[in-house]
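Below: the structure, in structure tokens.
As the structure is a prediction and not an experimental result, all values here were calculated from the model.
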Amino acid sequence: MNDAREEEAGGVGGAGGGLRGDPVRGTAHGTASVPLSVLDLVTVGEGGTATDALRTSVALARLAEDRGYHRHWVAEHHSMPGVASSAPAVILAHLAARTDRIRLGSGGVMLPNHAPLVIAEQFGTLEALAPGRIDLGLGRAPGTDGATAAALRRTARAGEGAEDFPQQVAELTRFLDDDFPDGHPYARIHAVPGPVQGPASRPPVWLLGSSGFSARLAGALGLPFAFAHHFSARNTVPALELYRDAFRPSAALAAPYALIGVAALAADDEREARRQVLTGALSMLRLRSGRPGLIPTPEEAEAYAFTPLEREFADGWLSTIVHGTPDAVRTGLDELVKRTGADELMLTSNVHSGAARLRSYELVADAYGLPRSGA
């Protein structure tokens, strides 16, 4: 894997578009013990539009860059009205044109939904646009329900694609490196932009997961690993242990590197934080009940008459979200790092208000004393 290289002219990323340094490991700033990053689902709140959500994503990426967050990822989802991130490569190109330094990537692309060559060319294009700033995170889940997955993949066979994930990852990596062996059916096929055009950086590949499968695979391949703690908290420590135990050094990575996605929301007071995160809990309840929709307002969430079973679900969901005042969120995140040994925290805040999300990332940055880029 090639290191990120500084470019004389940084493409759409501006003069600072290409960055020197480790393409995987970040640097902690302020009093944070590990690098802090952003996972953005481009959430659409009731009364808002996808255009509003995408504008918030640009504002968030700029804020994250200014305050020293290490990377900003967007995640592929489909057929969910409250999420506008169905096309990660398109969103990332938009964000790359409006930022200069922050790493941008997919958290992740759901590889079984796509031909590996298509993803290699999409992310080769992104790397050409913003050299040294692109991450390619891969997941094996569909990012949606079974019927939508069938529409995406043009097959009704449940699970098709996911079982071939290791082979798909290997094929994608070959396209990125342009190194299929002689005699391979794809030996004369080249992903462009790519190495066939001359020396170039290429995005590091990450594996994402919420169970042990991708943890073991990432370890065996010597790749960085991102775990979805924000919706699979019970499996976090076991999965990270599997990853570290399975890890074999590779050209990509000499030692294990694991980040975890964390649901977190800081507000000026505890009550406001609770009001905001309840909107995400109700949205997830409706999604899990087969009634997906836009993220409800705090007023709607507070007025909602939860049944006992629904209240149990909502309370369980809320228990995994680090929320409250900035000091409380900082304490919760620090405890999570100690408990899991995570090398990086990627914060996500899927609530109704874009303003509340932006405010949260600002407050967390202040709580850790992250310097502004101009300081």
Side-chain angles (χ1 to χ4, degrees), residues 32 34-45 53 56-57 60 64 69 71-75 77 80 82-83 85 107-108 137 139 141 143 208-211 226-237 239-240 258-267 270 272-288 292 295-296 298 301 312-340 342 344-365 367-368:
V34 298
L36 303 178
S37 292
V38 175
L39 175 61
D40 181 11
L41 300 190
V42 197
T43 49
V44 184
T56 297
S57 290
L60 177 53
Y69 287 89
R71 61 184 106 233
H72 182 122
W73 282 3
V74 296
H77 291 82
M80 297 181 185
V83 177
S85 57
L208 282 57
S210 58
S211 66
F227 186 81
H229 174 83
H230 55 295
F231 64 81
S232 187
R234 292 182 180 179
N235 293 327
T236 303
V237 171
L240 295 186
L259 69 75
I260 59 174
V262 184
L265 193 287
E270 170 65 32
E272 180 59 20
R274 179 75 177 187
R275 289 181 76 243
Q276 292 296 333
V277 296
L278 188 60
T279 68
L282 179 55
S283 177
M284 182 55 62
L285 171 65
R286 289 170 170 170
L287 176 65
R288 294 285 178 89
I295 309 295
E312 182 180 356
F313 173 88
D315 288 345
W317 186 259
L318 291 170
S319 71
T320 68
I321 303 176
V322 182
H323 64 284
T325 65
D327 285 344
V329 171
R330 181 187 61 200
T331 297
L333 295 177
D334 289 345
E335 290 175 350
L336 190 58
V337 171
K338 291 178 181 178
R339 182 164 63 86
T340 64
E344 184 175 332
L345 297 182
M346 179 165 274
L347 311 184
T348 186
S349 54
N350 302 315
V351 300
H352 173 268
S353 168
R357 294 173 63 217
L358 293 168
R359 178 65 175 160
S360 175
Y361 286 102
E362 191 81 74
L363 289 173
V364 170
Y368 280 109

Q. Any side-chain donor-acceptor pair under 3.5 Å between Ser353 and Gln276?
A.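 No, Gln276 and Ser353 have no side-chain donor paired with an acceptor closer than 3.5 Å.
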Side-chain contact test, heavy atoms from C-beta onward, threshold under 4.5 Å: evaluate it for [X] versus [Y] and give yes or no.
{"X": "Arg339", "Y": "Thr236", "result": "no"}
{"X": "Asn350", "Y": "Ile295", "result": "no"}
{"X": "Leu363", "Y": "Val329", "result": "no"}
{"X": "Leu60", "Y": "Tyr69", "result": "no"}
{"X": "Ile260", "Y": "Leu345", "result": "yes"}
{"X": "Thr43", "Y": "Arg357", "result": "yes"}
{"X": "Ser349", "Y": "Tyr361", "result": "yes"}
{"X": "Phe227", "Y": "Asn235", "result": "yes"}

Q: Kindly say whether His352 contributes a backbone atom to a donor-acceptor pair with the side chain of Thr279 at under 3.5 angstrom?
A: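 Judged by distance alone, yes, a pair lies under 3.5 Å.
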Q: Inspect the contact between Glu272 and Arg275 and indicate whether a charged nitrogen and a carboxylate oxygen are less than 4.0 angstrom apart.
A: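 Salt bridge between Arg275 and Glu272, a charged N being under 4.0 Å from a carboxylate O: yes.
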Q. Taking atom CG of Leu36 and atom CG of Leu259, what is their separation to the nearest 0.5 Å?
A.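 These two atoms lie 11.5 Å from each other.
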Q: Please indicate whether Glu270 has more than 12 foreign heavy atoms, meaning atoms of other residues, nucleotides or ligands, lying under 6.0 Å from its CD.
A: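 Correct, the count exceeds 12.
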